[in-house]
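Below: one structure, written as structure tokens.
Everything numeric here is computed off the predicted structure, so don't read it as measured data. A, B, ... follow the sequence lines: proteins, then strands. Residue 1 opens every chain.
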There are 2 protein chains.
Amino acid sequence: MSDEQSLGTVEVALSPLERFEEYLQSRGMRNTDQRRMLVEQVFSHHEHFDADTLIDKLPRKGQPGHVSRPTVYRTLNEFVDAGLLRKFELDGRAVYEHDYGYPQHDHLYCKQCQRLIEFQSAELIALRDAVARENSFRVTSHRLIITGICETCQRARRRTKRRVDLV
Amino acid sequence: MSDEQSLGTVEVALSPLERFEEYLQSRGMRNTDQRRMLVEQVFSHHEHFDADTLIDKLPRKGQPGHVSRPTVYRTLNEFVDAGLLRKFELDGRAVYEHDYGYPQHDHLYCKQCQRLIEFQSAELIALRDAVARENSFRVTSHRLIITGICETCQRARRRTKRRVDLV
DNA sequence: ATCATTGCAAAAGATTTGCAAGGTC
DNA sequence: GACCTTGCAAATCTTTTGCAATGAT
């Protein structure tokens with residue numbers, strides 16, 4: 001019953017910004033314009049993104065609200081530490097997704113259009129824990145990525161193939 | 001059942017070197033000393049490795065059998081194309097493992113000692129295919145990494161903790 | 001006032017590439 | 001001999017870091 005693009009949210013007491021401010025306070029870190037700007041931008045859409053995509057969405061150098069590249073990287077790491085974001089690697093670069101207030105899930109990755117499709121599976125968690133138990137392994141987390149071709153791209157590909165065959 | 005370090009091998013007609021030579025021929029590529037050296041080195045041990053580890057095991061610059069860094073990278077990519085190796089990302093760098101003649105498996109990754117422990121799970125494959133079917137997704141491959149602390153490191157940690165507690 | 005944070009420029013680490021010289025078919 | 005491959009140096013890409021100036025508490 002889960003939609004591909006939105007697996008629903010979990011009840012949370014605080015907004016991401018509030019949660020982050022709490023984190024900053026607890027560590028004696030400061031609540032700056034840049035950090036607020038980035039929380040806002042990052043949590044305004046529920047998509048997977050990388051550092052460059054995020055930087056592209058921010059105001060350019062000189063414009064108000066601009067944040068420098070090093071600060072973006074630094075702050076993304078803070079978001080991960082604070083439990084706001086989860087980070088993983090795809091094709092050699094870091095990809096981020098919402099973690100705070102968002103349920104555990106895994107991904108189908110279309111190597112044609114680079115789209116990530118989310119899915120949830122309780123059986124996967126059970127399987128993971130069973131494997132861990134057999135190996136006396138203490139699980140912290142896991143990451144499953146199923147790579148292939150999504151429905152849309154399969155259709156496009158078939159169409160192209162047919163066209164090519166006819167020529 | 002399966003040993004952690006060796007999941008057994010699959011019946012294959014050709015040795016990795018023979019298979020690679022076939023691949024080279026079929027593509028009009030050449031059978032060079034460097035390529036032969038690297039096939040030999042890579043398939044002499046069944047361990048996960050990265051480019052640097054491999055380079056460290058090769059003769060140094062000046063010694064016979066030395067292969068330059070760019071050629072190592074180029075050749076590793078060829079091995080992946082040829083189906084000899086599988087490549088994945090771990091902590092931001094590429095890790096390789098035998099693919100040709102070796103059964104499909106997944107990994108437990110100890111973040112303490114960086115060791116990769118292999119396991120096989122038919123249920124995982126079934127689960128993967130079921131999820132793909134539900135999403136009309138055509139699977140090419142998948143990668144599951146379960147991160148945590150291995151048995152050995154758990155023991156070491158407990159010992160350390162106890163020691164610390166006593167001081 | 002103190003001390004964290006920012007932005008800049010530069011560094012770092014992993015991997016790739018242009019090109020001339022050398023090797024394979 | 002044709003042309004693929006190698007090694008070198010340099011480039012690339014992504015991410016990190018040193019440091020002086022700036023800003024938050």
Sequence neighbours excluded, the answer for salt bridge (Lys or Arg N to Asp or Glu O under 4.0 Å) partners of Arg27(A) is none

With a 4.0 Å limit, can you tell me whether Gln25(B) has a side-chain N or O closer than that to the phosphate oxygens OP1/OP2 of dC25(C)?
no

Please tabulate, one pair per line, all N/O donor-acceptor pairs under 3.5 Å involving side-chain atoms of residues 80-89 of chain B, not counting sequence neighbours.
{"from": "Arg86(B)", "atom 1": "NH2", "to": "His142(B)", "atom 2": "O", "distance (Å)": "3.3"}
{"from": "Glu89(B)", "atom 1": "OE2", "to": "Gly92(A)", "atom 2": "N", "distance (Å)": "3.4"}

Interatomic distance where CZ belongs to Arg35(A) and P belongs to dA4(C) [whole Å]:
11 Å

Can you sort out the partners of Tyr73(A) under ring pair (Phe, Tyr, Trp, His ring centres under 6.0 Å), two or more places apart, ordered by chain and number?
none

I need the CD1-P distance between Ile55(A) and dC13(D), as an integer number of Å.
15 Å

Write down the distance between CG (Leu54(A)) and C1' (dT14(D)), rounded to a whole number of angstrom.
15 Å

For every nucleotide of nucleotides 15-25 of chain D, 5' to 3': is a protein heavy atom under 4.0 Å from its base (B), only from its sugar-phosphate (S), or from neither (-)?
BBBB----BBS

So does Arg155(B) pair up with Glu151(B), basic N to acidic O under 4.0 Å?
yes

Walking DNA chain D from its 5' end, the first of Lys61(B) and Leu24(B) to be reached, judged by nearest nucleotide, is Leu24(B)

Nearest-nucleotide check on DNA chain D, Val67(B) vs Gly28(B); residue mapping nearer the 5' end is Gly28(B)

Phe88(B) CZ - dT15(C) P separation (whole Å)
13 Å

Mind jotting down which residue pairs meet the ring-ring contact (aromatic ring centres under 6.0 Å, His included) criterion with at least one end in residues 14-39 of chain B? Sequence neighbours excluded, please.
Phe20(B)-Tyr23(B), Phe20(B)-Phe79(B)

Just jot down the salt bridge (Lys or Arg N to Asp or Glu O under 4.0 Å) partners of Asp50(B), sequence neighbours excluded, or say none.
Arg93(B)

Specify the closest pair of heavy atoms between Thr71(A) and Leu38(A), including all atoms of both residues, with the distance to one decimal.
O-CD1, 4.3 Å

For Leu38(A) and dG7(C), give me the distance from atom CG to atom C1', rounded to whole Å.
14 Å

Take atom CD of Gln34(B) and atom P of dG22(C), then tell me their distance rounded to the nearest Å.
14 Å

Tell me: CG of Asp91(B) to P of dT15(C), nearest whole Å?
12 Å

Measure CG/Leu76(A) against P/dT5(C) and give the value in whole Å, please.
16 Å

